[in-house]
Amino acid sequence: MNRILKPVADYWAGRTPRERLLVAGLGILLAAASFWYGLIAPLSTWHDESRDIYTASVERYRSVEAGIARYRSANAGADALLGGDQPVRTIASERALQHGVTIARVLPGEDGRLNLWIDQAESRALIDWLADLDRQYGIAATRITVEREEGGFVSAQMILERVS
């Protein structure tokens, strides 16, 4: 250890008091700059980045919470909006009457599915009826066969079921 400190002590002893003051001041400035740029600035940057990440995480969390709340409130009212516990047969029959579609034959299937036959209906009325069932009640035709008849009419066979 003395081998390392001896040249430093000799250097220091060979300086005038004014030079010692200047070298000591330079040493203090160098130590302060090293402390600032080596420790304080990186820690400050890390702290700022961590705070930004935390703020973004909190915003994302609140957004997800709000989405869950909207989903729960929409889901709670969905049964009433989508016909509640009314059977697919009842909803399909009521909406068919309103759209001017006459159902010729109904055969209830498994898992709440409903087989329907329509002998003659206007094509536009049939499409509007199916769109209404899907949009308002979540009932869709999972399989459908449509045949063109004379005069712009169609006949159809389909399977309806709740998809929501």
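- Pairs passing the side-chain hydrogen bond (donor to acceptor under 3.5 Å, both in side chains) check and including a residue from residues 24-46, sequence neighbours excluded, do not occur.
- Note on V101: it clusters hydrophobically with I144, by side-chain heavy-atom contacts below 4.5 Å among ILVMFWY residues.
- D48 pairs by the salt bridge (Lys or Arg N to Asp or Glu O under 4.0 Å) definition with R51, not counting sequence neighbours.
- The CZ atom of R135 sits 11.0 Å away from atom CG of L130, with the distance rounded to the nearest 0.5 Å.
- For E65, the CD atom sits in a packed shell: over 12 heavy atoms of surrounding residues, nucleotides or ligands are nearer than 6.0 Å.
- Open room surrounds CD on E122; 12 or fewer heavy atoms of other groups in view lie less than 6.0 Å from it.
- Nearest approach of P108 to R89, heavy atoms of both residues: CG-NH1, 4.0 Å.
- Of all the heavy atoms in A92 and L133, the pair that sits closest is CA-CD2, 4.0 Å.
- Hydrophobic clustering (side-chain heavy atoms under 4.5 Å, transitive across Ile, Leu, Val, Met, Phe, Trp, Tyr) groups F35 together with L43.
- The shortest side-chain heavy-atom distance between I118 and V146 does not fall under the 4.5 Å cut-off.
- Under the side-chain contact (heavy atoms from CB on, under 4.5 Å) test applied with I139, the options D132, L160, V163 reduce to a single match, L160.
- Rounding to the nearest 0.5 angstrom, the gap separating the CG atom in N115 from the CD atom in E161 is 10.5 Å.
- Judged purely by atom type and a 3.5 angstrom limit, R162 has no side-chain atom pairing as donor or acceptor with the backbone of V88.
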Show, in sequence, the C-alpha distance, side-chain angles and deciding distance for Q120 and T102, and conclude whether the side-chain contact (heavy atoms from CB on, under 4.5 Å) test is met.
CA-CA 7 Å; Q120 191 177 38; T102 304; over 6 Å; no

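- Taking hydrophobic clusters as Ile, Leu, Val, Met, Phe, Trp and Tyr residues chained together by side-chain heavy-atom distances below 4.5 Å, V106 shares a cluster with Y137.
- Between L26 and L22, every side-chain heavy-atom pair lies at or beyond the 4.5 Å cut-off.
- Considering CZ of R20 and OH of Y11, their distance stands at 11.0 Å, rounded to 0.5 Å.
- Minimum heavy-atom separation, W129 to M158: CZ3-SD, 3.8 Å.
- Summarising the geometry, atom CG belonging to L114 is positioned 7.5 Å from atom CD1 belonging to I103; distances are rounded to the nearest 0.5 Å.
- The line from CG of D128 to NE2 of H99 is 6.5 Å long, rounded to the nearest 0.5 Å.
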